[in-house]
Every structure is written in structure tokens, then in C-alpha cells.
Amino acid sequence: MDSKSEGEDRPWQSYHTAYTNAKAGMEGVDKEKVQKVVYEMSKGSKYFENEQRKEAYIKQKIENLGQQRAKLTDKDIAHFQKIAEKKIVELEASRDLTKTWLHTDMDAFYAAVEILDNPSLKGKPLAVGGMSMICTASYEARKFGVRAAMPGFIARKLCPDLIFVPTNFDKYTHFSELTRKVFGRYDPNFIATSLDEAYLNVTEVWSERGLSGEEVAAELRGAIYDETGLTCSVGVAPNRMLAKVCSDINKPNGQFILPNDRGAVMTFISSLPIRKIGGIGKVTEYLLRDVLGITTCDDMLKNSALVCALFSDLSSDFFLSVGLGIGGTHTPENRMRKSISTERTFTATSDTILLFQKLADIAETLSSDMQKENLWGRNLTLKLKTSSFEVRTRAVSLQKYISSKEEILTHATNLLKAELPLSLRLMGLRMSQFRDEDKHCSVDPTQKTLSEFILSGSSHSKEYDSRDISSENSDFLLEDKNLSELDGTREKEHRCLISEPESSSKREELGDSSSGKDTNGTCGGNANCEIQWVDGYICSKCGIELPSGFEEERREHADYHLAQFLQQEEKTHVARDKVYHKLEHSSPKSKRQKASLHGGKFIPIDAFFTKGKKNL
DNA sequence: GGGTTTCGTTGAC
DNA sequence: TTCCAGTCAACGAAACCC
């Protein structure tokens with residue numbers, strides 16, 4: 001078949017941005033018609049153009065991986081065959097068939113809750129969400145090709161009678177809690193992965209009560225229905241990976257049980273499309289299919305040598321375990337939240353004032369969310385989506401943990417400033433690297449002890465970020481014994497040296513140009529900055545104790561205060577031109593910025609998979 | 001050269 | 001009329017730092 005001419009006749013066929021893989025309830029959908037509508041409504045838009053760029057990028061990845069594959073010699077393949085066989089033996093030895101896992105998935109959860117709340121919606125095509133995006137579609141709506149993650153205006157085109165209901169997460173949370181009460185009776189340590197999905201280790205119930213997998217699943221589904229009025233689908237299998245696949249088989253309101261038997265697992269997995277496995281999405285599916293011809297889990301094993309040759313250790317381990325039907329069987333330890341974020345989409349704008357206003361709103365939301373959970377973080381990431389849908393993230397690691405709106409906004413503003421001018425349609429902020437609650441420490445985790453501080457000779461380096469002294473939470477440097485003795489007065493003096501926030505690059509430049517100190521350890525003779533050694537060894541500015549023998553260290557310390565002083569000066573624009581003449585060469589923009597698909601340069605595929613080649 | 005940080009990507013719901 | 005989300009985690013590579 002001439003795919004080129006086909007592509008020209010039916011361009012929508014090559015536009016498989018979304019909605020191409022069947023979801024439950026979409027079996028009878030006219031896929032081509034849906035694809036055509038989506039294509040027609042998207043074509044020419046900036047979103048569409050960006051999707052085209054992404055598609056091209058994936059194609060490039062496929063091509064590059066194909067070239068890597070072509071370079072493999074017979075010797076290489078024999079080598080990786082041995083590696084693969086070893087891995088398979090190890091994985092097989094780790095296979096655990098003694099556990100029984102159950103995965104539950106509520107049927108069209110948000111839509112079902114809305115129908116329960118308003119029974120007149122029953123039997124009608126319903127979408128939960130808005131014109132820009134819908135979260136869930138009822139089974140009646142799915143018959144038209146409407147589904148989650150589809151923009152509302154396209155959904156309406158597919159189904160003109162579609163009823164839209166706005167999301168109401170309080171309602172969904174309430175019903176989710178009801179389901180979790182039921183789950184808790186079967187496994188007190190159940191793992192909830194979202195409001196409507198959970199994994200339960202039912203090994204105990206199964207054996208203690210002498211119930212079969214079928215019986216446990218049926219009983220649980222009955223209990224959920226009795227206590228919520230909602231239906232769910234259940235999968236039972238020897239591990240979580242398989243249980244999840246199983247819960248999708250007889251959706252909605254059904255169940256599927258896979259026995260704890262190796263033969264049954266291998267039969268089940270052999271013809272299973274890899275896309276059914278959690279963790280394998282569109283890109284991985286195409287990559288494996290187009291480069292290695294892998295479409296089923298069994299194909300993973302058949303191509304194990306190539307899988308090991310072309311992918312990283314972690315990836316190949318995962319792919320081979322997929323081929324063997326091996327998944328997680330132990331309940332993971334209590335997993336702590338690792339990040340918290342908030343983002344907002346708005347009408348694209350390049351109005352700086354408006355953008356900073358929105359950033360302030362987002363910072364406020366993030367701060368409020370963090371405070372609700374008593375979180376303090378030191379890694380702030382700004383996410384931007386330009387009007388052409390290009391996504392950028394810019395991050396900064398701070399020297400202390402923060403959580404207030406003001407502090408978040410200060411750092412977020414610096415990050416945004418470095419990117420402007422820009423027309424944006426989305427901004428978001430994410431905080432990570434949380435303070436360890438157990439330790440209850442708010443000191444700078446990257447901070448050096450006093451001796452390290454002195455020995456490093458970098459008193460003006462980024463480790464000593466003067467910005468961060470400015471908050472109320474000024475436990476700054478208290479880790480050091482000497483400084484922990486600082487009383488309130490000295491801390492106050494510390495704060496007196498605070499200048500307006502500056503970019504780190506500016507501070508670094510400052511350090512470089514702070515050599516105008518004199519040998520007495522005073523700051524260039526300027527009375528405002530001059531330090532005295534009280535009692536012969538205590539810094540009059542901050543209280544640091546440095547005995548008289550430490551002349552070099554004293555000079556370094558004076559240097560630090562000079563840097564602080566100059567920052568203060570900079571605030572009043574006195575010394576700016578003299579001191580910061582090199583600033584323009586050190587803006588955050590000059591930092592590394594990877595070539596992305598949006599820059600017209602593709603990241604070579606070998607950049608993604610070099611680790612996989614390390615055994616060559 | 002190894003550890004850390006930053007950034008982009010992928011995937012799930 | 002409305003015109004493609006929000007949140008979280010993980011991985012991997014390159015840059016950065018020492």
C-alpha cells in the first residue's frame with residue numbers, strides 16, 4: 001500500500017494525537033469519523049502545529065533508535081543475548097505467586113457521581129468538565145467518541161446533544177472516601193492511586209475466609225454498590241501490574257480473575273498488547289513497535305537481546321518483566337509527597353503586568369496549599385507554556401526552605417523575568433525538596449559549617465545567599481555552634497545587612513568584584529561597612545567569632561560583609577555601573593538550555609539511550 | 001570523574 | 001459563545017560543581 005498517497009487523501013489518519021486507543025465503552029465507535037472530526041477541528045491551530053512538531057520529534061526518536069539498532073553487530077547481539085538471559089533468570093527467580101492483588105476502578109466515576117446527584121441525567125450523553133477540557137464522559141457519550149482529556153468543543157461537535165456538567169471535586173472526594181471505607185475492610189493498607197482507583201492486597205481475606213478470587217471481587221463490588229450507589233470494575237491477579245490490566249477487561253461493572261499460576265499468567269500475557277500495560281504510553285508503544293516490531297508482551301521476550309541493547313538497565317528490566325508478567329507484589333512503604341504544584345491556563349498574553357499579576361495569584365495558591373500541609377520546600381520550578389504551546393520549565397534551588405507567598409513570588413519573579421518578553425497561555429509553580437518533618441530543621445541544607453565556609457574561601461559564593469536571610473524564619477546558619485549562640489540583637493544586625501533580592505548571577509559577580517578590601521579586614525574604608533572585632537575576636541556586624549590568629553579568614557569575612565554592603569549600594573543605584581559591568585553576560589538565560597523540539601533542533605535519540613549502550 | 005542540579009519528556013488519572 | 005487541563009512522579013541527559 002502506498003502510505004504516502006493514503007496520507008494525502010486522508011490526512012486525519014496520520015493525526016493520532018489522541019483518542020485512538022479504545023477505552024471501555026468505545027468499542028462500536030466509528031474511529032475514522034472521530035479522527036476526521038478531531039483533525040478538521042484542530043487543523044491549522046497553534047495546538048495542532050505543536051502536535052505536529054511533537055509527532056516529528058517522536059519520528060526522529062524512532063529513526064535514531066533504528067540507526068542504533070542497525071549498527072549492532074552479530075557479536076553485540078550475542079553479547080546482549082547473554083545479558084538478557086541472565087536478567088530473565090533473575091526476574092523469574094523473583095516471581096512471587098503467593099500474593100493476590102485486586103485492582104478496583106470506578107466506572108466513569110465523576111459522571112456516575114453527577115448522575116447519582118441528578119438522576120435526570122441518567123441515560124443521557126454526559127461530560128464532566130468544560131468547553132476547554134472534559135474529565136470524564138458517561139458511557140452514552142462514549143458511544144459518540146467523546147472521552148476524557150478531549151476538549152469540550154470537539155466533544156460537542158461529535159455529540160451535539162452532549163450535556164456538560166462542571167467538575168465538583170468536593171462531591172467526588174466524598175464518594176471516594178465512601179469507597180475507601182470499603183477498601184479498608186479488605187486491606188487496611190490499600191493503595192489509592194487516585195480518587196477512583198485503588199490496589200488491595202487481598203491475600204489474607206482470600207485465605208482466611210476461604211473465598212475464591214471471584215467471590216472476593218463480587219463481594220467487594222457489591223459492598224461498593226450498596227454503600228455508594230456506584231459501580232466499579234475489578235481485576236484480581238498475582239501482582240498489581242496484572243490486576244490493573246484485568247480490571248479493564250470486563251468494564252463496566254465487571255470483573256476478571258487471573259489465577260495465581262505461572263502458566264495462566266504466561267498465556268494471558270502472551271498476546272496482550274503492550275499498550276495495555278501501565279507505564280507504556282504512546283511514545284514507548286511507537287518506539288517499540290516501529291524499531292523492534294514489538295506489539296505484544298510476548299514480543300518483549302522474543303526481542304530481549306535488542307531490548308537490552310537499546311534501552312537503559314532500568315527500562316530493559318521493566319520491559320522484560322512485562323514480557324514475563326511480573327509486577328509489584330509488596331505494599332510499598334509510606335510514600336511521602338515529593339512535590340506540590342499549581343498551574344493555570346489563561347488567554348494567551350504578553351502583557352508583563354498581567355503576567356506578574358497571574359504569577360502572584362499562583363504563588364498565593366501554592367503557598368496556601370503548602371501551608372495546609374505544613375510543607376516547606378527549597379526547590380522552586382516555574383512552568384511556562386507559550387502561546388504556541390511550547391512548554392518550558394525553569395528551576396531554582398534555594399539555600400533555605402520557604403513556604404510564604406512573598407518568598408515564593410520573589411524567586412518566581414526572578415525566574416519569569418529571565419524569560420520575558422514572551423506570550424504565555426499557562427504559568428505554573430512547583431515546589432519540591434521538602435524539609436524533613438522529623439528533623440524540624442530549617443537550616444540551609446547546602447550550607448557549609450563555619451570551618452568549611454572559611455576554608456572554602458568562597459564567602460561570597462552562592463552558598464551564602466543573602467536574600468534568604470530576609471525572611472522571618474531566619475534560622476540561617478544556626479547549624480554552626482558558634483552561630484547558634486547568636487542572640488536576638490545579633491540576628492537583628494544580620495537582618496540590617498539585607499538588600500533587595502538579586503539574581504544569583506549578580507551575586508556571583510559581586511563576589512568577583514569585592515576585592516577592594518584592605519588588609520585590616522575592613523571594607524574598603526567605608527564607615528557603613530567597616531567591621532570591628534569586639535573583644536578582639538567577635539565580628540561587630542554579625543557576631544561570628546574569629547580569634548586573632550585567623551587573619552586570612554578575617555579578611556574573607558570582611559569580604560563577605562563588603563559584598564553585602566555593595567548589594568545594599570546597588571539597591572540605591574550608586575555603585576551599579578562600576579560593580580556590575582559584567583552582568584549582561586551572566587543572565588540566567590545564558591545558563592544551559594537544552595535544544596528542544598521547539599527550537600527546531602531535535603535531541604538525538606542516542607542522547608536518550610546512551611545508558612543502554614554502556615554494556616557494549 | 002562522580003555527585004548534584006536543572007530541564008525536558010513520558011505517563012497516569 | 002466558548003476553541004486542547006491540572007497534578008504528581010519518574011527517568012535520563014547535560015550542565016555544573018568540586
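Below, chain A is the first sequence line, B the second, and so on; all start at residue 1.
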Exercise. Of the nucleotides C:dC8, C:dA5, C:dA9, which one has an atom closest to the side chain of A:R425?
Worked result: C:dA5
Exercise. What's the CG-P distance between A:L384 and B:dT9, to the nearest Å?
Worked result: 14 Å
Problem set entry | Length of the line joining A:M133:CE and C:dC3:P, which is rounded to integer Å | 13 Å
For this session: Decide if the gap between the ring center of A:Y401 and the ring center of A:F434 is smaller than 6.0 angstrom.
Result: no
Exercise. Starting at the 5' end of DNA chain B and moving along, which residue's nearest nucleotide shows up first, A:R392 or A:G279?
Worked result: A:R392
Exercise. Of the nucleotides B:dC13, C:dA5, C:dT2, which one has an atom closest to the side chain of A:T345?
Worked result: C:dA5
For this session: For A:L382, answer base if it contacts any base atom (sugar-phosphate contacts may also be present), sugar-phosphate if it contacts only those atoms, and nothing otherwise; contact means non-hydrogen atoms under 4.0 Å.
Result: nothing
Exercise. Counting any heavy atom closer than 4.0 Å, what does A:T284 reach on the DNA or RNA strands: base, sugar-phosphate only, or nothing?
Worked result: sugar-phosphate
Exercise. Of A:K383 and A:M41, whose nearest nucleotide on DNA chain C comes first from the 5' end?
Worked result: A:M41
For this session: Would you classify A:I340 as touching base, sugar-phosphate or nothing, given that sugar-phosphate means primed atoms plus P, OP1 and OP2, and contacts are heavy atoms under 4.0 Å?
Result: sugar-phosphate
Exercise. Given atom CD of A:E51 and atom P of B:dT10, what is their separation to the nearest angstrom?
Worked result: 11 Å
Seminar exercise, completed: A:E343 has its side chain closest, among C:dT7, C:dC4, C:dG12, to C:dT7
Exercise. When you check the phosphate oxygens OP1 and OP2 of C:dG6, does a side-chain N or O of A:T342 lie under 4.0 Å from one of them?
Worked result: no
Exercise. Heavy atoms under 4.0 Å, any strand shown: does A:K244 hit a base, just sugar-phosphate, or nothing?
Worked result: sugar-phosphate
Exercise. In whole Å, what is the span from the CZ atom of A:F153 to the C1' atom of C:dA5?
Worked result: 13 Å
For this session: Identify whether the distance between the nearest side-chain nitrogen and carboxylate oxygen of A:E197 and A:K244 falls below 4.0 Å.
Result: yes
Problem set entry | Same-atom distance (P) from C:dC4 to B:dC13, integer angstrom | 24 Å
Exercise. The side chain of A:Y57 lies closest to which of these nucleotides: C:dA9, B:dT9, C:dG6?
Worked result: B:dT9
For this session: Look at A:K171 together with A:E114 and state whether they make a salt bridge at an N to O cut-off of under 4.0 Å.
Result: yes
For this session: Among the candidates B:dC7, C:dC8, C:dC4, find the nucleotide nearest to the side-chain atoms of A:R394.
Result: B:dC7
Exercise. Are OP1 or OP2 of C:dT7 and a side-chain N or O of A:S339 less than 4.0 angstrom apart?
Worked result: no
For this session: Look at the side chain of A:L314 and decide which nucleotide, out of C:dC8, B:dT6, C:dC11, has an atom nearest to it.
Result: C:dC11
Seminar exercise, completed: Rounded to whole Å, CZ of A:F318 lies from C1' of C:dC11 at a distance of 12 Å
Problem set entry | Touch class at under 4.0 angstrom, heavy-atom based, for A:I134 against every strand present | nothing
Seminar exercise, completed: Between CZ of A:R53 and P of C:dC4 the distance, given in whole Å, is 15 Å
Problem set entry | Nearest-nucleotide 5' precedence on DNA chain B, A:D105 against A:I58 | A:I58
Exercise. Looking for any heavy atom pair under 4.0 Å, which part of the strands does A:K385 touch: base, sugar-phosphate only, or nothing?
Worked result: sugar-phosphate
For this session: Please determine if A:D361 and A:K358 form a salt bridge, counting it only when a charged side-chain N lies under 4.0 Å from a carboxylate O.
Result: no
Exercise. Rounding to a whole Å, what distance do you find between A:M150:CE and C:dG6:C1'?
Worked result: 19 Å
For this session: Classify the side chain of A:T193 and the base of B:dC13 as holding, or not holding, a donor-acceptor pair under 3.5 Å.
Result: no
Exercise. Taking the side chain of A:T393 as heavy atoms from C-beta outward, which of B:dG8, C:dC8, B:dC13 is closest to it?
Worked result: B:dG8
For this session: Report the C-alpha distance between A:K59 and A:D290 in whole Å, list the side-chain angles of each, state the deciding distance to 0.1 Å, and finish with yes or no for salt bridge (charged side-chain N to carboxylate O under 4.0 Å, His left out).
Result: CA-CA 9 Å; A:K59 264 191 185 165; A:D290 294 351; over 6 Å; no
For this session: Would you please confirm or rule out a distance under 4.0 Å between OP1 or OP2 of C:dC8 and any side-chain N or O of A:R430?
Result: no
Exercise. Considering only side-chain heavy atoms of A:K61, which listed nucleotide, B:dG11, C:dC8, B:dT9, is closest?
Worked result: B:dT9
Exercise. Do any side-chain nitrogens or oxygens of A:S42 fall under 4.0 Å of OP1 or OP2 in C:dC4?
Worked result: no
Exercise. On a plain distance test, is the side chain of A:R156 in donor-acceptor contact with the base of C:dT2 below 3.5 Å?
Worked result: yes
For this session: May I ask you to check whether A:Y172 and A:F175 place their ring centers less than 6.0 Å from one another?
Result: no
Seminar exercise, completed: Picking from B:dT6, C:dT2, C:dA9, the nucleotide nearest the side-chain atoms of A:N379 would be B:dT6
Exercise. Given A:H411 and A:I402, is the side-chain contact (heavy atoms from CB on, under 4.5 Å) satisfied, shown in steps?
Worked result: CA-CA 10 Å; A:H411 298 293; A:I402 64 169; 3.9 Å; yes
Exercise. Looking at B:dT6, C:dG6, B:dA12, which one has an atom nearest to any side-chain atom of A:A395?
Worked result: B:dT6
For this session: Indicate whether any N or O donor in one side chain lies under 3.5 Å from an N or O acceptor in the other, for A:N239 and A:T329.
Result: no
For this session: Tell me whether the OP1 or OP2 atom of C:dC8 has a side-chain N or O from A:S341 closer than 4.0 Å.
Result: yes
Exercise. With respect to the phosphate group of C:dA5, does any side-chain polar atom (N or O) of A:S132 fall under 4.0 Å of OP1 or OP2?
Worked result: no
Exercise. A:L288 CG to B:dT10 P: how many Å, rounded?
Worked result: 13 Å
For this session: Look at A:K338 and C:dA10 and indicate whether a side-chain polar atom (N or O) is within less than 4.0 Å of OP1 or OP2.
Result: yes
